[in-house]
Amino acid sequence: MTVRAGPTARDRRRRREKRQRQYKVACAEVDIRDGPQCRACRMWVGDAAHHHHLTYRSHGGLHTVHNLVKLCPRCHELVHRRRLLVSGTTAETVEFEVVE
């Protein structure tokens, strides 16, 4: 009987590095698409931008241009506190609604 070993530490590190490269490439494309503004409030964000996953990584969301939107730190926090609702499944169809 052959014992099948799981992925090595080297394999895991390579996969993590590949995901990080994909994320950086996608973020660069999102920066070009969204420009220097927050998608929710249209405020200028520059280097302080957060790249928010529309479908969270923990729910199977990927590091793709269609799953990321650029948000300012304030709007990003509001989204995670559920004070700013996000509707739409892709960056092209996303809409934001403030919860009072």
Side-chain angles (χ1 to χ4, degrees):
M1 184 162 105
T2 305
V3 176
R4 196 169 176 167
T8 65
R10 184 178 183 183
D11 293 336
R12 289 189 299 274
R13 185 179 67 247
R14 283 182 175 171
R15 277 185 285 206
R16 183 180 65 244
E17 290 169 352
K18 182 179 178 183
R19 284 192 308 269
Q20 289 171 340
R21 283 191 305 271
Q22 290 171 336
Y23 181 66
K24 286 181 182 181
V25 168
C27 287
E29 292 178 27
V30 168
D31 288 342
I32 292 168
R33 181 194 68 207
D34 292 350
Q37 297 175 323
C38 171
R39 284 285 295 268
C41 69
R42 300 292 181 205
M43 189 173 105
W44 184 86
V45 290
D47 293 335
H50 290 251
H51 295 92
H52 177 71
H53 288 84
L54 298 172
T55 301
Y56 293 154
R57 294 270 302 138
S58 59
H59 296 151
L62 301 175
H63 293 319
T64 63
V65 176
H66 302 293
N67 192 42
L68 292 168
V69 291
K70 185 187 245 185
L71 296 176
C72 68
R74 179 179 165 272
C75 289
H76 191 239
E77 184 175 336
L78 291 173
V79 167
H80 285 283
R81 287 184 175 196
R82 299 184 182 184
R83 304 285 299 166
L84 182 62
L85 298 181
V86 180
S87 60
T89 56
T90 67
E92 290 76 21
T93 63
V94 71
E95 293 181 9
F96 298 93
E97 180 183 346
V98 176
V99 177
E100 297 293 328

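None of these values were measured; they are calculated from a predicted model.
Applying the salt bridge (charged side-chain N to carboxylate O under 4.0 Å, His left out) test to every pair with at least one member in residues 56-70, sequence neighbours left out, gives these pairs: Asp31-Lys70.
Other residues, nucleotides and ligands place more than 12 heavy atoms under 6.0 Å from the NE2 atom of His53. Within 6.0 Å of CD in Glu95 there are 12 or fewer heavy atoms belonging to other residues, nucleotides or ligands.
Cluster membership check: Leu78 shares its hydrophobic cluster with Val98, using side-chain heavy-atom separations under 4.5 Å among Ile, Leu, Val, Met, Phe, Trp and Tyr. Under a hydrophobic clustering in which Ile, Leu, Val, Met, Phe, Trp and Tyr are joined whenever their side-chain heavy atoms come within less than 4.5 Å, directly or via other members, Trp44 and Val69 fall into different clusters. Cluster membership check: Leu84 shares its hydrophobic cluster with Leu71, using side-chain heavy-atom separations under 4.5 Å among Ile, Leu, Val, Met, Phe, Trp and Tyr.
Ring geometry, His63 versus Tyr23: the interplanar angle falls from 30° to 60°, so the pair is classed tilted.
A distance of 8.5 Å separates CZ of Arg19 from CD of Gln22, quoted to the nearest 0.5 Å. If you take SG on Cys75 and CE on Met43, they are separated by 7.5 Å, rounding to the nearest 0.5 Å. In this structure, the separation between SG on Cys38 and CZ on Arg74 is 9.0 Å, given to the nearest 0.5 Å. Annotation: the span from Glu77 atom CD to Cys72 atom SG amounts to 10.0 Å, rounded to 0.5 Å.
Looking at Arg33, its side chain never comes within 3.5 Å of a backbone N or O of Ala91 through a donor-acceptor pair. Asn67 places a side-chain N or O within donor-acceptor distance of the main-chain N or O of Thr55, the cut-off being under 3.5 Å. When atom types are taken as modelled, the side chain of Arg12 and the backbone of Pro7 share a donor-acceptor pair closer than 3.5 angstrom.
Taking each heavy atom of Leu68 and Ala26 in turn, the nearest pair found is CD1-CB, 3.7 Å.
In summary, of the residues considered (Thr89, Val86, Val79, Thr64), a side chain to side chain contact (heavy atoms under 4.5 Å, CB included) with Leu54 occurs for Val86 alone.
In this structure Glu29 satisfies the salt bridge (Lys or Arg N to Asp or Glu O under 4.0 Å) test with no other residue, sequence neighbours excluded.
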